[in-house]
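Encoded as structure tokens, the structure appears first; notes follow it.
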Amino acid sequence: MRVATWNVNSIRSRVGRVVDWMVREDVDVLAMQEIKCKPEQFPLQQFEDAGYEVELHGLNQWNGVAIASRLPIENVSVGFPGVPGFGTVKATAAVPASAVVVDDAGLPVEARALGATINGVEVWSLYVPNGREVGDPHYSYKLEWLARLADVTRRRLADQPDLAIALMGDWNVAPRDEDVWDMALFVNSTHVSPPERDAFNAFFTLGLRDVVRDLDVPGYTYWDYKQLRFPRNEGMRIDFILGSPAFADLVTAASIHRNERKGEGPSDHVPVLVDLELDSALDDDRPMIF
DNA sequence: ATGTCGCCTACGAGGCGA
């Protein structure tokens with residue numbers, strides 16, 4: 001099974017490229033971020049014509065996450081328990097108050113997390129808040145969002161240590177100095193600050209692994225549209241697939257699809273993909289969990 | 001270079017977010 005994550009930066013303006021890539025690369029499951037649309041605006045037909053079903057969570061023109069799959073999608077979760085909300089998103093004609101989920105503090109929850117079970121594997125499409133500037137309210141929101149995600153992941157794995165779970169998406173954190181092209185330019189910047197890196201590294205403490213980095217796949221996953229960042233290869237590595245031990249054990253290969261930043265109408269992010277070996281579970285006498 | 005995109009509202013161009 002081939003599973004990928006991709007911040008598509010508007011699915012409506014990118015659907016041709018996205019579906020073409022999925023078909024060409026024989027992708028079974030794709031977690032998308034920044035679909036930037038509501039359900040009725042999602043270009044579902046083009047996915048279905050290519051053999052994919054789609055579950056999505058989109059409230060408005062911001063954020064939005066989706067999962068497309070050739071295999072049946074089960075147990076869909078919108079958001080995760082304890083996910084913090086932010087800001088003052090108001091109900092409109094397009095987004096009635098009844099559709100706005102609020103957190104314990106009454107803040108509206110943004111469309112940044114969608115989970116599902118596919119072929120026995122729990123996959124998540126995550127769009128971590130950007131943070132904007134160190135010290136900005138969006139920055140503390142980002143740290144809190146990551147902390148709550150770590151909390152719920154810790155509890156999930158405490159209850160089910162053998163759960164194959166993949167946290168995939170745009171984490172908006174560059175965990176290592178080599179994940180940006182010039183650390184000198186990022187002094188006092190978001191994405192590289194110690195609290196953000198601590199919040200990201202906390203997932204490793206829970207036993208998760210960066211299943212792409214672990215296979216020594218190099219390179220960035222994002223290049224800003226501005227300032228010739230891609231031609232100069234001035235990018236950032238901020239899109240990751242973090243897997244529980246049971247998930248990591250299934251991974252046989254990984255790749256970052258840099259070519260998807262080229263040509264007409266690219267997203268500013270590229271897909272990150274892993275191959276999973278699931279067939280062996282059907283051939284031996286281990287429990288049939290897949 | 002403050003260098004680009006994509007969305008919104010509202011029908012032109014400015015505002016927002018990344």
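Every chain is numbered from 1, with letters handed out A, B, ... down the list of sequences.
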Rounded to whole Å, the CZ-P distance (A/Arg232 to B/dT4) equals 12 Å
Given atom CG of A/Asn60 and atom P of B/dC7, what is their separation to the nearest angstrom? 13 Å
What does A/Tyr127 touch in the nucleic acid at a heavy-atom separation under 4.0 angstrom: a base, only the sugar-phosphate, or nothing? sugar-phosphate
Distance, P atom - from B/dG17 to B/dA1, rounded to whole angstrom: 28 Å
Less than 4.0 angstrom from a charged side-chain N to a carboxylate O is my criterion; do A/Glu34 and A/Arg14 meet it? no
Could you tell me how far B/dA10 sits from B/dC16 if I compare only their C1' atoms? Round to whole Å. 16 Å
Rounded off to whole Å, could you give me the CG-to-P distance for the A/Asp170 and B/dA18 pair? 10 Å
Salt-bridge present (A/Arg70, A/Asp26; N to O < 4.0 Å): yes
Side-chain atoms of A/Ser10 come closest, of B/dC7, B/dG17, B/dA18, to B/dC7
Distance check needed: B/dG17 P versus A/Tyr225 OH, whole Å only. 18 Å
Whole angstroms only, please: what is the NZ-P distance between A/Lys36 and B/dC8? 10 Å
In terms of the nearest nucleotide of DNA chain B, which residue is placed more toward the 5' end: A/Leu228 or A/Asp268? A/Leu228
Does a sphere of radius 6.0 Å around CG in A/Asp49 hold more than 12 heavy atoms from other residues, nucleotides or ligands, not counting ones at 6.0 Å or beyond? yes
Hey, could you give me the CD1/OH distance between A/Ile35 and A/Tyr127, rounded to the nearest 0.5 Å? 12.0 Å
Please state how far atom CD in A/Gln61 lies from atom C1' in B/dC8, giving the value in whole angstrom units. 5 Å
Mapping A/Arg132 and A/Pro266 onto DNA chain B by nearest heavy atom, which one lands closer to the 5' end? A/Pro266
Atom NE2 of A/His269 to atom C1' of B/dG6: distance rounded to whole Å? 13 Å
Output yes when A/Arg148 and A/Asp151 qualify as a salt bridge under the 4.0 Å nitrogen-oxygen rule, no when they do not. yes
With heavy atoms under 4.0 Å as the rule, sort A/Gln41 into base, sugar-phosphate or nothing. sugar-phosphate
Can a side chain N or O of A/Arg229 be found less than 4.0 Å away from OP1 or OP2 on B/dT4? no
How would you label the contact of A/Arg12 with the nucleic acid (heavy atoms, under 4.0 Å): base, sugar-phosphate, or nothing? sugar-phosphate
For a quick test of reading the model: is some side-chain N or O of A/Arg14 closer than 4.0 Å to OP1 or OP2 of B/dG6? yes
With rounding to whole Å, what would you report as the distance between B/dG15 and B/dG3 at their P atoms? 15 Å
B/dC5 P sits how many Å from A/Gln227 CD, rounded? 13 Å
